[in-house]
Amino acid sequence: VGVRFYTQDFTHLREIEAVNLEEDMKEVFSPSFSARRIWTQNITDNNGWYFLQSKNNVEVSKFSVGDNIVINTNSNHTIKMLLGEELPNGQALPCMFDDRVYQRIKNSVMSWIAGNPNINAIQVGQEDGWGFCRCTECQTFMDQHGGVAMATWLNFLNRMAEDISKTYPDVKLIAYAYFDTHGVPTNMTVHDNVVIDFCLDQACYQHALNDPNCEKNKKVAAELRGWAALCKDNNLFIYDYGWNWNYNYNQGRYNSCMIDPNLFALWDNFQLYLECGVGGVLCEGIPCNGGDLD
């Protein structure tokens with residue numbers, strides 16, 4: 001009926017004519033995305049925002065996605081924590097064919113689920129940055145499946161999802177396609193209990209992802225559609241970035257308060273997400289006060 005909640009102290013009532021409702025009329029509206037999350041520091045740190053959150057039915061906490069899918073750790077990058085040790089050579093992922101690594105991470109995941117019986121998803125996320133194992137077994141598997149590091153990562157996730165589903169059939173593993181793990185492996189499937197969280201760290205934000213004239217986004221959109229073809233409904237998520245991540249090497253900091261004119265690309269991007277059957281979207285915003293339309 002035209003009510004909009006914008007800030008803690010600004011509720012807008014749009015003037016509209018009377019609305020006549022038929023007797024016994026019932027309309028049910030479902031959101032396009034089952035999981036919606038905002039991570040913007042100066043909003044989520046403001047207690048007044050939770051007043052807004054309850055009105056808009058949007059989850060803004062860093063620790064959960066939407067209304068029903070909980071990420072149970074205090075970080076998105078959990079692989080080192082689950083393994084319980086440092087990764088070799090500063091890599092983002094350990095060796096995916098080391099059975100000791102597999103058993104330790106699986107046992108950690110199983111323990112987390114056992115201690116949090118109400119969760120239905122757990123983040124198994126690689127660390128920030130580049131670097132992955134290139135041992136003979138990993139390299140051979142990559143070569144057999146399109147030459148991408150994601151092949152060994154997905155094989156690891158599929159194996160774990162299958163093992164865990166025998167005890168916890170309804171718990172999903174959420175994992176990134178990010179940095180080195182971009183690229184859709186060939187001749188592979190995605191387990192029903194694996195959610196691919198597709199990160200837009202390779203995207204151009206001055207153009208829409210489906211802009212045919214943007215060479216950078218052609219590759220990103222093609223990969224997104226590739227994952228859409230492999231993932232079940234609601235098993236493909238988007239990790240979106242809403243601020244300027246360009247790093248200023250001269251000043252040693254991100255250009256976080258510089259404008260990032262992405263506003264006109266956002267609508268087209270979200271339409272592409274819908275077209276690809278994306279189930280959840282996280283928009284990570286500015287981690288400081290100020291900046292561009294935060």
Side-chain angles (χ1 to χ4, degrees), residues 71-113 121-168 171-203 219-220 222-224 226-227 229-232 235-237 239 247:
I71 294 177
N72 54 57
T73 69
N74 61 356
S75 172
N76 297 322
H77 306 288
T78 60
I79 198 76
K80 185 168 64 175
M81 181 198 71
L82 294 170
L83 179 60
E85 62 187 51
E86 292 295 321
L87 301 183
N89 304 317
Q91 294 173 186
L93 285 170
C95 176
M96 296 287 94
F97 283 99
D98 184 334
D99 195 60
R100 182 191 68 87
V101 166
Y102 176 82
Q103 295 300 334
R104 290 194 68 168
I105 293 175
K106 185 184 79 170
N107 290 341
S108 294
V109 171
M110 294 284 281
S111 295
W112 243 110
I113 299 171
I122 180 170
Q123 189 94 28
V124 185
Q126 69 204 68
E127 298 301 309
D128 257 328
W130 307 90
F132 55 92
C133 181
R134 292 181 177 271
C135 71
T136 301
E137 195 166 5
C138 285
Q139 189 64 55
T140 299
F141 193 86
M142 282 187 272
D143 293 342
Q144 294 170 344
H145 297 278
V148 294
M150 176 51 101
T152 58
W153 184 214
L154 180 60
N155 182 68
F156 179 92
L157 295 165
N158 283 344
R159 177 188 173 190
M160 184 167 295
E162 179 61 27
D163 284 349
I164 290 172
S165 68
K166 295 170 184 175
T167 308
Y168 302 104
V171 176
K172 296 186 178 183
L173 308 180
I174 304 176
Y176 295 131
Y178 180 55
F179 275 83
D180 273 331
T181 54
H182 275 297
V184 182
T186 57
N187 304 315
M188 293 187 71
T189 59
V190 178
H191 193 281
D192 289 352
N193 284 1
V194 170
V195 173
I196 299 297
D197 200 356
F198 183 76
C199 301
L200 296 182
D201 53 300
Q202 306 294 312
K219 297 178 182 178
V220 177
E223 184 185 353
L224 177 58
W227 283 117
L230 289 182
C231 293
K232 281 188 60 179
N235 273 19
L236 177 60
F237 282 9
Y239 198 114
Y247 192 76

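Numbering of residues begins at 1 and proceeds along the displayed sequence. Computed from a prediction, not measured in an experiment: that's the story for all the values here.
- Here the closest heavy-atom approach between residue Leu200 and residue Phe198 is recorded as CD2-CE2, 3.6 Å.
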For this session: Run the numbers on Leu224 and Leu236 for side-chain contact (heavy atoms from CB on, under 4.5 Å), then give the verdict.
Result: CA-CA 9 Å; Leu224 177 58; Leu236 177 60; 3.9 Å; yes
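- When atom types are taken as modelled, the side chain of Gln123 and the backbone of Thr78 share no donor-acceptor pair closer than 3.5 angstrom.
- Under the 4.0 Å criterion applied to side-chain N and carboxylate O atoms, Asp99 and Arg159 are assigned as salt-bridge partners.
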For this session: Would you please test Asp128 and Tyr176 for side-chain contact (heavy atoms from CB on, under 4.5 Å) and show each step?
Result: CA-CA 10 Å; Asp128 257 328; Tyr176 295 131; over 6 Å; no
For this session: Please lay out, stage by stage, how Thr152 and Phe156 fare under the test side-chain contact (heavy atoms from CB on, under 4.5 Å).
Result: CA-CA 6 Å; Thr152 58; Phe156 179 92; over 6 Å; no
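- A donor-acceptor pair is defined here as one N or O able to donate and one able to accept, closer than 3.5 Å; such a pair exists between the side chain of Asn107 and the backbone of Gln103.
- For the pair Asn158 (side chain) and Thr189 (backbone), a donor-acceptor distance under 3.5 Å is present.
- Between the side chains of Asp143 and Gln139, at least one donor N or O sits under 3.5 Å from an acceptor N or O.
- When all heavy atoms of Asp180 and Gly131 are compared, the pair lying nearest together is OD2-N, 2.6 Å.
- Under a 3.5 Å cut-off, the side chain of Asn89 and the backbone N or O of Gln91 do not form any donor-acceptor pair.
- In plain terms, the two heavy atoms of Ile79 and Ala92 that are nearest each other are CG2-O, 3.7 Å.
- At a cut-off of 3.5 Å, with distance as the only test, a side-chain donor of His182 or Glu223 sits close to an acceptor on the other residue.
- Between Thr186 and Gly146 the shortest heavy-atom distance is OG1-N, 3.1 Å.
- Tyr239 and Asp201 form no side-chain donor-acceptor contact under 3.5 Å, judged by distance and modelled atom types alone.
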